[in-house]
> 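Here you go, one structure.
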Amino acid sequence: NGLASGDLQLLGSSRFPYLKGTVNVQKGTFKIDYLNTRYTFDDKVSFDQDAIHFDNFIARDTLGNAGIVNGKVKNKSFNNWMIDLSLNAKNLLGFNKDYSYSELYYGKAFGSGVISLKGPPENLNVAVNAKTEKDTRIYIPLNNPGTVSENDFITFINKSDTLQSAQPASLATPTGMSMNMTVDVTDNANIQLFLPYEMGNIKGSGNGRLNMDLSNMGDFSIKGDYRISNGIFQFTLPKYTLSRSFNILDGSIIHWNGSPYDATINLKAAYKTKVSLSSLPNNTSQLSQRIDVDCIISLKDNLFKPKIKFAIELPGADESMKQLVFSAIDTTNEAEMNQQMISLLVVGNFSLYNESKSLASSLGAQPYELISSQLNSMLSQISSEFDVGFAYRPGDALTTDEVELMLSKRLFNDRLRVEVNGNFPTSNTTTNNVQRSSNLVGDVNLEYKLTPDGRLMMKAYNKVNRDILDIYAPYKQGIGISYRKEFDYFRDLFRKRNKTVRKAK
């Protein structure tokens with residue numbers, strides 16, 4: 001709708017009249033209900049015998065972003081309307097849907113590309129070929145009761161109904177619109193999935209090409225791969241009142257091949273923590289140390305019922321330290337790994353093997369872990385520019401109480417990552433006149449992508465020297481360069497691509 005002024009002629013016979021001329025449209029608007037998007041326009045429209053023409057017609061979304069419309073709306077004496085329009089969009093608001101119990105997704109999406117609308121208004125087809133732009137936020141609530149019920153785990157039958165004669169199934173009511181969308185999802189779009197059965201949620205950014213179709217009967221399908229390059233898996237265990245943020249590792253992927261309920265996932269994520277070795281057997285002087293431990297969680301197969309497995313990695317540990325830990329833990333035993341993971345996430349320690357150390361004394365650390373988790377959740381909401389973390393660990397017979405502060409920041413379009421960890425003992429203890437509370441500088445890690453794809457990367461670090469035998473060097477530093485290349489066959493690692501093929505690509 002809108003207002004128009006101009007010169008029009010009413011021509012033709014009384015049975016087949018038509019308009020001819022040009023008008024200026026003011027305060028014009030049109031809305032696509034399914035996408036909940038409204039666009040405004042102020043431009044010229046021309047009329048002739050068979051159609052209303054739009055030539056380089058400028059339409060704007062509610063935020064002022066513009067797209068150019070070309071095409072026409074055909075009609076026969078103001079009947080038999082047929083739409084044939086194309087919209088060339090640049091960072092245009094593509095959909096703006098609020099949360100709804102029955103919706104498969106909601107949020108806001110901005111895109112650039114070509115959108116075409118063809119067909120009669122009662123059976124309009126919308127074709128989209130676009131890529132996502134900045135400020136795109138898409139939420140997929142897989143934990144909706146209506147969504148979960150689509151898996152048909154339980155079917156309820158009313159026996160009294162089976163005694164009645166079968167009634168023909170009612171046909172679905174046409175929606176008035178069908179959609180065919182090919183969307184290139186880029187890293188500037190943020191997608192969040194709420195997993196069913198209180199498993200948690202996945203929030204991150206990545207890339208991929210998704211083909212989505214909506215029939216005029218309301219049937220929705222999606223095909224394609226979405227590769228998560230950066231994000232958080234908020235893992236929850238309600239039984240243990242546990243919630244931990246795992247950093248999603250590069251290469252994690254979600255695959256759709258038709259029904260949105262048949263998605264498969266292959267995801268790995270890591271939770272970094274510092275763990276005392278005092279609970280391990282073979283008590284030696286090394287067991288008074290705290291080492292970096294990566295708790296790895298993997299989700300595979302069906303997105304609604306993923307297979308969950310755990311693993312442990314020891315970044316920065318030397319071979320003797322790894323041998324000490326893995327000789328005490330059977331990493332091939334799935335039940336034991338589950339126990340170890342719960343112990344690491346809840347208690348902040350390995351499962352207990354020393355009889356002299358009671359379970360109750362270790363579980364005493366649990367409230368501090370839970371408080372730290374809640375504080376981290378509040379700190380993460382302070383700023384979207386920084387990742388802030390906090391942890392408090394009560395001491396034992398071999399270690400002192402310790403407070404850890406963590407701060408990380410990504411710069412230069414995520415090519416540089418700076419991470420700072422500071423450990424502060426609550427007591428001002430010294431060893432041979434070397435003050436260990438000088439960990440104010442703490443651990444500093446730098447990662448810089450020398451190439452935009454991250455294949456060539458430089459790393460540097462400054463770490464607190466925790467070697468109890470070396471008390472005169474409070475810090476140690478290091479620098480290195482890494483290179484990563486994917487290949488199908490080992491010979492491809494050294495083979496140069498043909499110049500002709502490279503030039504063609």
Side-chain angles (χ1 to χ4, degrees), residues 195 199-200 202 228 231-237 239-240 242-253 264-302 305-359 361-363 365-366 369 373 391 393 396 398-399 421 443 445 463 466-467 482 484:
L195 299 178
M199 284 190 293
I202 297 170
I228 306 174
I232 296 294
F233 172 36
Q234 191 70 31
F235 177 61
T236 61
L237 281 174
K239 179 180 178 181
Y240 298 93
L242 171 70
S243 179
R244 294 290 184 269
S245 296
F246 286 71
N247 292 313
I248 298 175
L249 302 181
D250 192 14
S252 299
I253 188 171
T264 58
I265 187 172
N266 187 356
L267 177 143
K268 280 189 176 182
Y271 174 77
K272 297 180 180 294
T273 185
K274 290 184 181 295
V275 179
S276 171
L277 301 181
S278 58
S279 62
L280 295 177
N282 304 320
N283 199 346
T284 67
S285 60
Q286 287 180 308
L287 298 183
S288 63
Q289 300 184 43
R290 290 187 182 272
I291 65 171
D292 292 326
V293 176
D294 286 356
C295 304
I296 307 297
I297 185 172
S298 65
L299 278 66
K300 289 189 175 182
D301 298 337
N302 189 280
K305 299 173 290 183
K307 294 180 181 178
I308 301 177
K309 288 188 177 181
F310 298 108
I312 296 173
E313 294 182 0
L314 308 177
D318 55 29
E319 289 303 319
S320 62
M321 185 68 70
K322 291 180 180 179
Q323 185 177 1
L324 174 67
V325 174
F326 291 125
S327 63
I329 299 174
D330 184 4
T331 57
T332 62
N333 187 325
E334 187 172 337
E336 181 175 342
M337 288 304 300
N338 293 344
Q339 177 186 352
Q340 291 289 348
M341 188 60 61
I342 292 176
S343 178
L344 289 169
L345 297 179
V346 177
V347 182
N349 212 336
F350 289 110
S351 290
L352 305 179
Y353 291 94
N354 290 342
E355 295 180 359
S356 61
K357 190 170 183 181
S358 66
L359 178 63
S361 64
S362 287
L363 288 178
Q366 180 179 349
E369 292 288 330
S373 176
R393 300 183 182 88
D396 51 30
L398 298 175
T399 60
N421 285 339
D443 297 341
N445 296 302
K463 293 185 178 180
R466 296 180 174 85
D467 189 350
S482 64
R484 183 183 68 182

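Please read these numbers as outputs of a predicted model, since none were measured by experiment.
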> Got Ile232 and Asn247 here, is their nearest side-chain heavy-atom distance under 4.5 Å?
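The answer is yes; the side chains approach within 4.5 Å.
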> Pick from Ile329, Leu345, Asp330: which one makes a side-chain contact (heavy atoms from CB on, under 4.5 Å) with Gln340?
Ile329
> Not counting sequence neighbours, which residues clear side chain to side chain contact (heavy atoms under 4.5 Å, CB included) with Asp294? List them please.
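Partners of Asp294 by the side chain to side chain contact (heavy atoms under 4.5 Å, CB included) criterion, ordered by chain and then number, come out as Lys272, Ile296, Glu313, Pro315.
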> With sequence neighbours left out, what residues match Met199 under side chain to side chain contact (heavy atoms under 4.5 Å, CB included)?
Leu195, Pro196, Pro306, Ile308
> Take Leu344 and Phe310, measure what side-chain contact (heavy atoms from CB on, under 4.5 Å) needs, and give me the verdict at the end.
CA-CA 11 Å; Leu344 289 169; Phe310 298 108; over 6 Å; no
> How would you list, by chain and number, every residue that makes a side chain to side chain contact (heavy atoms under 4.5 Å, CB included) with Lys322, sequence neighbours excluded?
Leu314, Ala317, Glu319, Phe326
> Working to the nearest 0.5 angstrom, can you tell me the gap between Arg244 CZ and Thr273 OG1?
8.5 Å
> Describe, in one word, how the ring planes of Phe246 and Tyr271 are oriented to each other, choosing from parallel (under 30°), tilted (30 to 60°) and perpendicular (over 60°).
tilted
> Just so I know, are the side chains of Ile312 and Thr331 near enough to count as touching, which here means a heavy-atom distance under 4.5 Å?
no
> With the side chain counted from C-beta on, respond yes when Met337 and Asn333 share a heavy-atom pair under 4.5 Å apart, and no when they do not.
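No. Closest side-chain heavy atoms not under 4.5 Å.
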> Between Ile228 and Leu267, which heavy-atom pair has the shortest distance, and what is it?
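Heavy-atom minimum between the residues: CD1-CD1, 4.1 Å.
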> With Ser245, which residues qualify under side chain to side chain donor-acceptor pair (under 3.5 Å), at least two apart?
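Listed in chain order: Gln234.
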> Just to verify, what does Ser298 make a side chain to side chain contact (heavy atoms under 4.5 Å, CB included) with, not counting sequence neighbours?
Lys268, Lys309
